[in-house]
Structure formats: structure tokens, C-alpha cells
Amino acid sequence: MAVHKFYKPREIEEKLTKKWEKEKIYSLKSDKNDPKYYVLEMFPYPSGEPHMGHARNYIIGDVIARVLSRKGYNILHPIGFDSFGLPAENAAIRDGMHPKESTIASIDKMRKALKRMGISYDFGDEVITSNPDYYKWTQWFFLLFYRMGLAEKKEAAVNWCNSCQTVLANEQVISGRCERCESPVEKRVLSQWFFKITDYAQRLLDDMKLLEKGWPERVLTIQRNWIGRSEGAVVDFKLDDSEDISIPVFTTRPDTLFGVTFFILAPEHPLIDKIVVDEEYKKEIGKIKNIISGQSDIERGSAEIEKIGCFTGRYVINPLNGQKVPIWIANYVLLEYGTGAIMAVPAHDQRDFEFASKYGIPIKEVISPDGKNHQKLSAAYDGEGIMINSGKFSGTSSEKGKKDVTSYLEENNMGKFYVNYKLRDWLISRQRYWGAPIPIIYCEKCGMVPVPEEDLPVLLPYDIDFRPKGLSPLFYCDEFVNTACPGCGGKAKRETDTMDTFVCSSWYFLRYCSPHNDKVAFDSKEVDYWMPVDQYIGGIEHAAMHLIYARFFIKVLYDKGLIKFKEPFIKYFPHGVVNLGGQKMSKSKGNIVNPSEIYNRYGADTLRLYILFVGPADSPVDWSDSGVEGASRFLNRVWRLVVKNIELAGSSKWANSKTKVLKDPGKDIKDEFKNGKLSSLERELCRKLHQTIKKVTEDILVRFNFNTAISAIMELVNLMYKYQEEVTASKKNVALVKEVTEKLLILLSPFTLFIAEELWLEAGNERSIHKVPWPDYDHEIAREELVTIVFQVNGKLRDRIDLPIGTPPEEIERYALSSRKVKNFTQGKEIVKKIVVPNKLINIVVKN
RNA sequence: GCCGGAGUGGCGGAAUUGGCAGACGCGCUGGACUCAAAAUCCAGUGAACCGCGAGGUUCGUGUCGGUUCGACCCCGACCUUCGGCACCA
């Protein structure tokens with residue numbers, strides 16, 4: 001049987017896809033006695049066809065999973081769908097297709113595409129978050145959190161997206177805009193469900209040391225910034241003319257307490273109404289509040305907005321020196337941060353300085369860089385220095401002063417050391433239909449009652465009017481809302497908000513360990529075996545969303561004793577985005593290349609090869625059509641080379657070849673190499689093969705540099721071509737050709753699945769190439785025997801020579817000094833020094 | 001403003017521990033094959049200068065300094081750019 005002369009990717013890929021499906025070759029699970037490895041890519045929202053970013057994500061994971069599997073690991077490499085969420089619901093409003101139907105259709109499309117790209121998933125173990133057998137357990141987790149006191153309903157100023165008609169968590173607000181639709185977010189005071197992630201702020205921070213090795217620094221930095229820890233003190237300021245009211249403030253600079261000349265409440269602060277008595281002031285405050293409430297969060301958050309405010313007519317007492325301090329309100333003080341009130345120190349805080357200058361409030365210097373008083377400050381000094389005008393603390397360094405003042409406050413019950421976090425509690429309720437219902441019932445008699453576990457899941461009703469009205473669509477669904485109280489059996493109503501989809505995605509990786517178990521959310525035995533995830537892969541845009549929530553979830557479960565590990569993802573790799581023309585691919589811009597266009601035209605192998613070769617996996621890449629052509633060209637080149645090599649053996653089957661070696665060509669070639677029986681080009685080829693195995697293995701598993709792994713394979717192919725061109729057929733070492741060709745196919749196989757398999761089978765192998773163990777390399781063969789020694793004079797390259805490895809320094813020196821080119825630069829000059837780095841270079845230092 | 005990345009040919013990018021800058025690919029140029037073209041194969045390809053030529057010299061990794069026998073790599077200052085946080089007290 002003759003091998004096909006031409007590479008026909010679509011033909012072989014379609015054929016093999018069917019074959020693999022029949023042989024169930026997609027799963028990489030082996031045996032529980034093997035070491036386990038859990039490779040996980042962030043699961044997608046099923047939007048129909050996967051986009052190029054998805055493809056990049058899954059291809060990277062696939063290569064790692066496949067190589068490790070071939071190295072003897074038992075691999076969990078699952079896929080699922082994060083299928084609750086707004087797009088399906090918005091589509092339903094737009095064109096009437098029920099989210100359930102459109103979701104199923106999208107999942108089908110997506111699954112088909114993933115199979116077409118050859119990703120090695122256990123497709124039978126999919127997790128679909130919008131299925132009741134999944135969201136039942138999402139609700140179960142809610143109840144767990146509720147019982148642990150970590151889920152609470154509270155009134156708070158929350159982010160409202162008017163376009164999505166729902167509230168959003170802080171993490172979903174990106175510079176004042178909705179993460180999903182980019183419309184401006186407003187503040188509304190509403191009663192909402194929160195998970196108390198703030199209880200875990202410090203733990204989320206501390207446990208990052210467990211991630212330092214496996215997570216990129218920039219991701220940890222994003223999380224650190226987001227958690228926003230700052231140390232300082234809470235200081236209580238008593239309200240003047242009042243016995244019992246005192247207002248705490250948070251400050252990072254207790255050492256500046258003597259410099260307080262005014263005091264500010266956030267305009268929304270609830271105390272304002274209580275303490276302002278004078279009608280004059282009430283009117284003025286009303287005016288200011290009006291102006292401020294007219295400013296959007298984006299405006300108010302922007303750097304250069306003018307500071308405005310007014311005096312309230314009331315005073316507080318500075319606890320340190322007993323001075324009366326006027327209370328103002330001002331737009332630059334935020335209710336959400338700290339206590340919603342600040343002590344203003346205009347001499348040492350630029351914002352306070354600007355405000356004080358505008359309204360003629362005194363500025364009192366209490367920290368001096370040189371210990372002296374300065375007449376007029378032109379700006380706030382916020383650096384360290386020496387405390388002045390600070391009573392008994394004067395003369396102390398500001399650094400020590402922070403501690404001393406705090407201790408003094410603590411001793412006198414006026415305040416305490418305090419750590420403040422920017423992190424807010426996680427708002428999880430949403431006023432939308434397509435999510436997991438929150439399992440809570442409101443009884444007229446018993447009040448708030450959790451749904452008993454045995455009644456889960458609280459099913460989403462199917463027939464519903466999706467049009468958003470500011471309340472959940474479920475609110476208008478009587479048969480859903482009206483229920484009986486689980487406690488007293490009396491009339492009761494269900495909670496109608498659904499959960500943020502980030503709740504669903506905070507535990508899906510646990511579900512993958514036992515996806516079909518209907519008794520528990522996850523089987524502990526399986527989770528103990530598989531978790532934590534060894535390698536997590538996905539977009540960095542989730543650094544301060546999904547990746548924080550999932551870490552929080554795991555810590556809660558750890559505290560509850562349900563799991564034995566503190567972090568869900570040991571290693572995390574953020575892949576870069578795929579751009580086109582320097583811009584993010586997006587439907588609205590119309591600059592989209594879909595993976596399907598590429599695999600339909602060039603084949604999945606070309607897509608896979610190109611997307612890995614185009615650049616380092618963690619940096620953004622720009623799509624290039626000529627780059628795709630190049631990848632395709634390379635595969636054609638491989639095809640022709642291998643077909644020729646197979647034919648060389650006199651038959652399309654290696655096994656029938658007339659070579660002198662039949663059983664273990666790898667070993668025989670090694671012997672020939674070591675016994676010096678190969679020609680120099682053959683030695684080079686053999687060495688190149690072993691070097692390539694080494695490089696490809698390390699690049700994939702250690703460095704995550706798929707682009708350089710592929711370029712190494714290209715170099716091997718180039719050398720194989722050289723051998724093919726330069727040596728006449730009768731003189732070729734067929735055993736060597738066979739050995740190098742087969743290893744080449746194995747090295748290619750995790751990248752370009754189909755072509756590797758097709759040629760492998762054509763060469764007469766019975767077993768799939770994807771079940772063949774990953775090759776080892778021989779150190780002795782991989783090692784170069786000659787190295788280029790560089791001759792430098794004063795650090796400049798002047799000559800080079802190839803010498804055997806391990807040539808002693810004196811000999812290198814002799815060669816260097818006898819080099820004509822070196823002599824040109826040393827003649828007539830005094831040689832001061834000679835530095836020899838064995839196997840690398842010699843540097844001769846001369847004086848002019 | 002604070003924190004964290006990044007900056008290398010015409011382009012995407014290599015250089016793994018301070019030791020040959022530009023691997024590999026794209027593009028381009030030339031050659032082979034062809035009636036011709038495509039495809040393919042081979043060779044060349046950082047810049048400037050010198051030489052008829054073989055060859056040679058100088059410059060060159062954002063900028064300016066420093067450390068070192070030697071710096072894309074380490075240190076200092078700055079510029080540009082991307083990302084995170086941001087009237088955060």
C-alpha cells in the first residue's frame with residue numbers, strides 16, 4: 001500500500017476523530033496507582049462557537065495533559081460549562097428562545113468544536129452548572145455558608161447596573177463600569193445577600209506564600225492590591241456637647257494626630273442627620289449633598305474632581321490634646337472605606353491640604369523632615385520625619401511615633417491598633433432569572449428560614465416572563481414564590497433572587513472529581529485523591545474575581561473540615577489573549593477569526609501548531625494569516641519527509657523493511673553511535689534527536705514555552721532534510737532514519753495529534769501514537785563533543801574555534817594566543833590577564 | 001500617585017546560571033526545477049563602512065550612567081508602553 005503523497009488534513013482529521021471517539025481515546029485517566037495530575041482549564045460560558053482565546057486556553061492544557069499522561073501520570077483533564085448567566089437570558093428577551101434551550105444548543109456546538117480540535121477531555125464527565133443536579137449542590141453550599149454565619153442579608157450601598165438590571169459585586173465593577181456590558185454603575189441602597197469574604201481577607205493574603213512558586217507574581221499583586229491591606233489605628237473622637245456619641249476614624253498616620261485641624265464625615269454618613277441641629281447648616285448640607293449625589297461614581301472617582309464640602313456646626317474632641325475640631329462633610333470622603341469618617345491633617349495629607357486651603361482651615365505642621373518648624377507649606381508633606389508640636393511626643397521619629405501614639409490611645413481607651421482592608425463582602429444575589437435560586441424562604445411567622453437540605457434543589461421554573469423589571473423575574477412567578485414554611489407549614493414566600501454565577505464556578509473543580517455522585521456535592525475520597533488542581537490555566541481577567549472567590553470557598557471548606565488543602569490551584573498559568581490588528585477580537589469591531597475557519601481550511605493540527613508557535617503562551621499575540629500559512633507549510637514539509645522516509649525502507653511498513661535491525665532500533669542506534677559506527681552527519685542527526693527530546697520535554701513541562709519546543713522540532717526536521725538531500729539512498733542508515741522519524745512523530749504528537757497519528761499508523765504501527773510512552777533522551781548522545789570556544793580580547797569577540805569538550809584551560813590559552821586574529825589585537829601590547837571559562841571562552845585583557 | 005510586567009532586525013520572537021546577540025518562523029532577494037506559473041528544494045538576509053575579491057572594521061538589545069575581564073541579563077536614574085489599584089484616609 002502506498003502512502004498518500006499529499007497531506008490532506010481534513011480527510012485524516014475527520015477519519016481519526018471518529019476512530020478516537022469509538023476507541024474512547026480522549027480520556028487520559030489511567031490507574032489510581034500512578035501518580036495523579038489534575039490539569040484544568042477555566043471552563044467556558046457556552047456562547048456557541050468557541051473563540052480563539054478558548055482555543056488557545058484548551059490547546060495549552062491539552063499539550064500538558066497529553067505529555068504528562070505519556071510520562072505515566074494518571075490525568076484528570078475535565079471539561080464543563082459555566083452555563084448560567086446573562087447572555088442566554090438576554091438572548092431570550094431578544095428572540096424568545098428559552099435560556100435552557102439555547103444553552104443546550106450552545107453546549108452541543110462547543111463540545112463538537114472541542115472534539116474537532118482534538119482536546120483530550122473526559123467528555124462523559126462534563127459538569128454543567130445550569131443543570132439541577134449541579135445547582136442543587138451550589139444551593140447546598142449556600143446553606144452551608146448560611147449555617148456558618150458566612151451568608152447574610154444586609155442593607156448596603158451596592159452597585160447597580162441599569163443595563164443588566166441587577167446588582168453587581170465590587171469585583172465586577174471595572175473603573176466604575178459593569179464588567180459585562182461596560183455601562184456605568186450606580187450606587188443604590190438595597191437589602192442584598194453577601195458572603196463574608198472579608199472574614200478571610202488576612203488568610204487570603206497570608207496563604208499567598210503557598211502560591212508564590214506556582215503563580216505569577218503579577219497575579220498575586222493584583223490580588224494583594226484588591227485586598228488592599230493597610231495598617232494603622234482606629235481613633236475615637238467624642239462628639240462635643242454629647243455624652244455618648246463618639247465617631248471612630250481609621251488612620252494610617254496616628255503620628256499626625258496632633259495636626260488634626262478638622263474632621264470629615266462622608267456625605268452619606270447616617271450620623272449627619274442625627275447630629276446636625278441648626279437649620280442653617282441643614283440647608284447648606286442639603287445643597288452640598290445634592291451636588292455630590294449628582295456626581296456619578298466615575299466622576300467622583302476620577303482624580304481631578306474639585307473638592308467640595310461644608311461645615312456642620314458641630315465639633316469633635318481630639319482625644320490626644322482635648323482640642324475642639326470642627327466637623328465638615330466633603331465629597332472626597334467615602335462611606336464604604338474605613339469608617340466613613342476621617343481626621344483631616346492638612347499639613348500631611350495632600351487632599352486635606354487642598355480642602356483646607358480652599359476653605360481657609362488652619363494648617364498645622366506636626367511632622368518635619370529636619371525637625372524644624374516651617375512657616376508656610378506649599379503642599380502637604382506626607383513623608384517620614386520628626387514629630388513636632390506634638391506635646392510629649394515631640395522629638396520622636398514619625399515611625400516610632402505611630403506605635404507610641406497607638407499604644408497611648410490603647411492604654412487610655414481612646415483607640416486601638418487596626419488593620420483595614422479595601423476588600424468588601426461578596427455580593428452574591430442577582431435580580432435575574434438564569435441562575436441558581438437562593439434557597440431561602442420568608443415565613444410570615446418564622447421569618448427567614450433556610451430551605452431544608454432534603455428539599456433541594458429549589459428548581460427554576462420553566463415558564464417565565466424574562467423581561468427585567470428591576471426585580472427578579474422569579475418575583476412575578478406565583479407558583480415559584482408561594483410556598484409553605486418548612487418550619488411551621490404556614491404561608492411563606494421564596495427568595496426570588498438568584499446567585500451570582502461566580503458562586504457556581506467557585507467549586508466546579510471539586511465536582512469534576514465525582515461528577516455523577518447524586519448523594520454529595522463531592523466525594524471526599526475522590527477529592528482527597530485528585531485535589532488540589534496541579535495546573536490551572538485561564539485568562540488573567542479573573543485574577544480579582546473567580547480566582548479570589550474560589551480561594552475563599554476552599555478556605556471555608558477547609559475550616560469546616562470538608563477538605564484537607566488550603567489552596568485550590570497549586571500552579572496557575574494565565575495565557576495571553578489573541579488579538580487581531582493590535583486589537584482585541586470582538587464581535588462589535590467585526591475583527592474575528594474563529595477557530596472553525598482555520599480548522600475547516602487548514603485542519604486542526606495547523607491551528608494547534610500555529611497558536612502555540614506564534615509566541616510565548618503567556619503573552620498576547622496578534623493573529624497573522626501568513627503565520628498560519630507557515631504552520632501549514634511546516635506540516636506539509638513533515639508529511640513529505642516522513643512519507644519519503646517510510647518509502648526508503650522499501651515498503652510503507654517499517655516492520656517489513658530490509659533493515660538490519662528490526663526489534664529495537666533506538667537501542668541499536670545508540671550502540672552504533674557509541675561505538676563510532678555512524679558517519680559524522682549521522683552522528684549529528686542522532687545527537688540532534690536526543691537534544692530535541694530533551695528540549696521539547698523541558699520546554700513543555702518546566703518552562704511552558706511551547707513556541708521554542710516547536711522551533712526545536714523544526715530544527716530537527718531541517719537537519720533530517722539535510723540528511724535526506726545529501727546522502728544517496730543506498731548509503732542511508734535506514735535504522736537511523738526509522739528511529740529519528742518515529743521519535744519525530746512522537747515529539748510532534750501532543751501538538752499535532754492527527755498528522756502524527758496518521759503517519760505513525762502508515763509506518764506500520766498498530767497502537768495509537770497517543771498511547772506510546774514519551775521518549776527519554778541519552779545524556780551521552782545529547783552532549784556535544786565539540787564546543788565553540790570564543791576568543792575575546794578586552795571582552796570583544798575576535799575569533800572562535802571548535803575544541804573537544806573538556807579541553808584544559810592551558811590548551812585553550814595556547815590556541816587563543818596562536819590565533820592570527822587575536823594576535824592582530826594583542827601585538828605590541830601588554831597582556832594583563834587571561835580569563836578562561838571552560839567550554840565557553842577565553843578573554844585576554846591587554847593594556848594599550 | 002502607588003504596585004507589577006514589558007521594551008531585541010522589516011515583522012512575530014530566541015538567547016534556560018553574567019560568557020558567540022538575532023535560534024525558529026514570517027517577509028524579502030537570488031538560484032534550482034518548469035514552456036511558464038504555482039508548489040517545492042537550496043542559498044542569502046541587523047546597520048554602516050573598507051576591499052576587485054577572499055575577507056575585514058566599527059556600531060548595535062528604549063535612554064543616560066554604574067558594577068564587571070566581560071552586561072539584552074545585575075545596580076541607579078529616566079523615557080515609552082501594557083496591566084492592577086487609586087481623593088483608600
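Each chain gets a letter, A, B and so on, in the order its sequence line appears, and its residues count up from 1.
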Listed partners of Y359(A) passing ring pair (Phe, Tyr, Trp, His ring centres under 6.0 Å), at least two apart: W328(A), F355(A)
Secondary-structure stems, RNA chain B, at least 3 Watson-Crick or G-U base pairs under 3.5 Å: B:1-7 with B:79-85, B:10-12 with B:24-26, B:27-32 with B:40-45, B:46-50 with B:55-59, B:62-66 with B:74-78
Sub-3.5 Å pairs of nitrogen or oxygen atoms, protein against nucleotides 58-60 of chain B:
| from | atom 1 | to | atom 2 | distance (Å) |
| --- | --- | --- | --- | --- |
| U58(B) | OP2 | R798(A) | NH1 | 2.9 |
| C59(B) | OP2 | K796(A) | NZ | 3.0 |

Which atoms of nucleotides 40-42 of chain B (N or O only) lie under 3.5 Å from a protein N or O atom, and what are those distances?
| from | atom 1 | to | atom 2 | distance (Å) |
| --- | --- | --- | --- | --- |
| U40(B) | O3' | R640(A) | NH2 | 2.9 |
| C41(B) | OP1 | R637(A) | NH1 | 2.7 |
| C41(B) | OP1 | R640(A) | NH2 | 3.2 |

Sugar-phosphate only, base, or nothing, as touched by K695(A) at under 4.0 Å among non-hydrogen atoms: base
Sugar-phosphate, base or nothing in reach of T788(A), heavy atoms under 4.0 Å: base
For S246(A), all residues meeting side-chain hydrogen bond (donor to acceptor under 3.5 Å, both in side chains), sequence neighbours excluded: none
Polar pairs (N or O, both sides) under 3.5 Å between protein and nucleotides 7-12 of chain B?
| from | atom 1 | to | atom 2 | distance (Å) |
| --- | --- | --- | --- | --- |
| G12(B) | O2' | V614(A) | O | 2.8 |

Residues in ring pair (Phe, Tyr, Trp, His ring centres under 6.0 Å) contact with Y815(A), at least two apart in sequence or another chain: none
Donor-acceptor contact below 3.5 Å, side chain D352(A) vs main chain H348(A): no
Distance, rounded to the nearest Å, where E541(A) contributes CD and C85(B) contributes P: 13 Å
Cation-pi geometry met for R800(A) and F791(A) (6.0 Å, 45°): no
Please produce a list of atom pairs where a protein N or O lies less than 3.5 Å from an N or O of nucleotides 74-77 of chain B.
none

Sugar-phosphate, base or nothing in reach of R218(A), heavy atoms under 4.0 Å: sugar-phosphate
Sugar-phosphate only, base, or nothing, as touched by K422(A) at under 4.0 Å among non-hydrogen atoms: base
Touch class at under 4.0 angstrom, heavy-atom based, for N707(A) against every strand present: sugar-phosphate
N705(A) side-chain N/O to A14(B) phosphate OP1/OP2 under 4.0 Å: no
Those residues that, when tested against T708(A), pass side chain to side chain contact (heavy atoms under 4.5 Å, CB included) (two or more places apart): K695(A), D699(A), R703(A), N705(A), S711(A)
N/O to N/O distances under 3.5 Å, protein versus nucleotides 81-83 of chain B:
none

Which atom pairs link the protein and nucleotides 65-69 of chain B when you take only N or O atoms and keep those under 3.5 Å?
| from | atom 1 | to | atom 2 | distance (Å) |
| --- | --- | --- | --- | --- |
| C69(B) | OP1 | K833(A) | NZ | 3.3 |
| C69(B) | O2' | N843(A) | ND2 | 3.1 |
| C69(B) | O2 | N843(A) | ND2 | 2.5 |

Check: N707(A) side chain, L612(A) main-chain N or O, donor-acceptor pair, under 3.5 Å: no
Geometric cation-pi criterion K571(A) and W215(A), 6.0 Å radius, 45° cone: no
All ring pair (Phe, Tyr, Trp, His ring centres under 6.0 Å) counterparts of F573(A), not counting sequence neighbours: F704(A)
